[in-house]
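Comments concern the structure below.
What you see below is based on every heavy atom in this structure, not just the backbone, and it leaves out hydrogens, waters and symmetry mates. Nothing fancy with the numbering, it's 1 onward along the sequence. Quick caveat, the model's predicted, so the values are computed rather than measured.
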Amino acid sequence: MRWFYATCLSVIVALAAGWAPQRAAGQNIGTIISPILTIESDRFFAQSAFGRRVASEIEAEGAILAKENRKIEADLTAEEKALTDKRASMDPAAFRALADTFDEKVQTMRRTQDTKSRALAERNEAGRTAFINAAGPILEVLMRDTGAAVVLERRSVFLSANAIDVTDDAIRRMDAAIGNGSDLSPKQ
């Protein structure tokens, strides 16, 4: 297995030597120009002003939904206990009717809360989609500025130099271009 890593390292070193960083005229020393850049897309979203706003909104709405779920659970538990307490003094057919009505109520509430939960997840995904759509032009400029031909997801790359990771620069550019993106997110 060591030979595999040694071979990979040799190939990467050879490729890096062939793609020695070029400096554009007037460019800051320390900035690497590479045909390949990497980005951590999850961090790009999560640490941007846009991503932090979406996460905050989803978290707040999730907390409201969780509180609502706890209240519903407490109410249904109390109603179930009251129904169970009545069972001994009721006609079995009458109790069965009340139990069926209660069961239907529970199922309806569960479907309603599940729908709300899915809508919240869909809203989060819609926020990510809006972010990615807004990021496209910004990442194109970043590629042009650095002389890159491609930006790859860092998780998909087996090994790379940290110098080609542009996540921090992409976050700064995104924040400068769209801020928290509140005017880009789909409204519910």
Side-chain angles (χ1 to χ4, degrees), residues 34 36-84 98-146 148-188:
S34 171
I36 300 170
L37 301 174
T38 62
I39 192 165
E40 294 178 54
S41 61
D42 288 340
R43 187 166 67 86
F44 179 37
F45 178 73
Q47 292 181 1
S48 69
F50 187 111
R52 289 190 315 269
R53 178 191 52 81
V54 170
S56 176
E57 290 174 359
I58 298 300
E59 184 179 329
E61 291 177 34
I64 291 168
L65 183 59
K67 183 178 179 182
E68 188 176 291
N69 285 342
R70 286 189 301 273
K71 175 157 180 17
I72 289 169
E73 181 181 1
D75 291 349
L76 290 175
T77 299
E79 189 173 337
E80 180 181 33
K81 184 181 179 336
L83 185 60
T84 301
L98 285 176
D100 288 345
T101 300
F102 175 75
D103 187 51
E104 182 56 38
K105 178 180 180 179
V106 168
Q107 296 305 321
T108 298
M109 288 186 154
R110 181 174 292 139
R111 283 189 299 270
T112 299
Q113 295 309 102
D114 286 347
T115 299
K116 290 178 183 180
S117 183
R118 278 192 306 278
L120 194 57
E122 288 168 5
R123 216 166 135 224
N124 186 44
E125 191 58 36
R128 282 184 166 277
T129 299
F131 177 82
I132 294 301
N133 290 337
I138 293 162
L139 292 175
E140 286 178 26
V141 171
L142 177 61
M143 284 176 46
R144 220 177 9 259
D145 289 352
T146 58
V150 65
V151 178
L152 301 174
E153 171 59 50
R154 187 165 178 149
R155 287 184 311 245
S156 301
V157 176
F158 182 70
L159 183 64
S160 70
N162 285 338
I164 66 169
D165 184 297
V166 294
T167 307
D168 291 332
D169 191 19
I171 291 168
R172 280 190 297 280
R173 288 174 184 238
M174 209 48 189
D175 287 352
I178 66 169
N180 74 3
S182 57
D183 55 331
L184 301 176
S185 289
K187 303 296 182 214
Q188 283 287 0

Output for pair (Asp165 CG, Thr38 OG1), nearest 0.5 Å, gives 4.0 Å

Sorted by chain and residue number, the salt bridge (Lys or Arg N to Asp or Glu O under 4.0 Å) partners of Arg155 (sequence neighbours excluded) come out as Asp42, Glu153

To the nearest 0.5 Å, atom CG of Leu37 lies from atom CE of Met143 at 7.5 Å

By side chain to side chain donor-acceptor pair (under 3.5 Å), Asn162 pairs with (sequence neighbours left out) Arg154

The side chain to side chain donor-acceptor pair (under 3.5 Å) partners of Gln113 (sequence neighbours excluded) come to Glu68, Asn69, Lys116

Taken in chain and number order and not counting sequence neighbours, the residues that satisfy side chain to side chain contact (heavy atoms under 4.5 Å, CB included) with Asp169 are Leu142, Arg172, Arg173

Here the pair of heavy atoms bringing Ala99 nearest to Leu83 is CA-CD2, 3.8 Å

Please set out all donor-acceptor pairs under 3.5 angstrom arising from side-chain atoms of residues 124-140, sequence neighbours excluded.
{"residue": "Thr129", "atom": "OG1", "partner": "Glu125", "partner atom": "O", "Å": "3.0"}
{"residue": "Asn133", "atom": "ND2", "partner": "Thr129", "partner atom": "O", "Å": "3.3"}

Residue set satisfying side chain to side chain contact (heavy atoms under 4.5 Å, CB included) with Arg144, at least two apart, ordered chain then number -> Val141

For Lys67, the side chain to side chain donor-acceptor pair (under 3.5 Å) test, sequence neighbours excluded, returns none

Taken to the nearest 0.5 Å, the spacing of Glu122 CD from Thr115 OG1 works out to 9.5 Å

Residue set satisfying side chain to side chain contact (heavy atoms under 4.5 Å, CB included) with Ala66, at least two apart, ordered chain then number -> Arg70

* To do: Indicate yes or no: does Asp75 engage Lys71 in a salt bridge with an N to O separation below 4.0 Å.
  => yes

Across all chains, not counting sequence neighbours, the salt bridge (Lys or Arg N to Asp or Glu O under 4.0 Å) partners of Asp100 are Arg96

Closest heavy-atom pair, Ala170 versus Ile39, reported as atoms and distance to 0.1 Å, is CB-CD1, 3.7 Å

Original post:
Is the closest side-chain donor-acceptor distance between Glu80 and Thr84 under 3.5 Å?
Top reply: no

Asp103 meets the side chain to side chain donor-acceptor pair (under 3.5 Å) criterion, sequence neighbours left out, with none

Rounding to 0.5 Å, atoms CD (Glu73) and CE (Met109) come to a distance of 12.5 Å

Side chains of Leu65 and Ser117: does their closest heavy-atom pair fall under 4.5 Å? yes

Across all chains, not counting sequence neighbours, the side chain to side chain contact (heavy atoms under 4.5 Å, CB included) partners of Glu79 are Leu76, Phe102, Lys105

Exactly one of Val157, Val150, Val151 clears side-chain contact (heavy atoms from CB on, under 4.5 Å) with Ile36, and that residue is Val150

Donor-acceptor contacts, no H, no angles, side chain residues 43-52, under 3.5 Å, sequence neighbours left out:
{"residue": "Arg43", "atom": "NH1", "partner": "Gln47", "partner atom": "OE1", "Å": "3.2"}
{"residue": "Arg43", "atom": "NH1", "partner": "Asp168", "partner atom": "OD1", "Å": "2.7"}
{"residue": "Ser48", "atom": "OG", "partner": "Phe45", "partner atom": "O", "Å": "2.8"}
{"residue": "Ser48", "atom": "OG", "partner": "Gly51", "partner atom": "N", "Å": "2.9"}
{"residue": "Arg52", "atom": "NH1", "partner": "Gln47", "partner atom": "O", "Å": "2.4"}

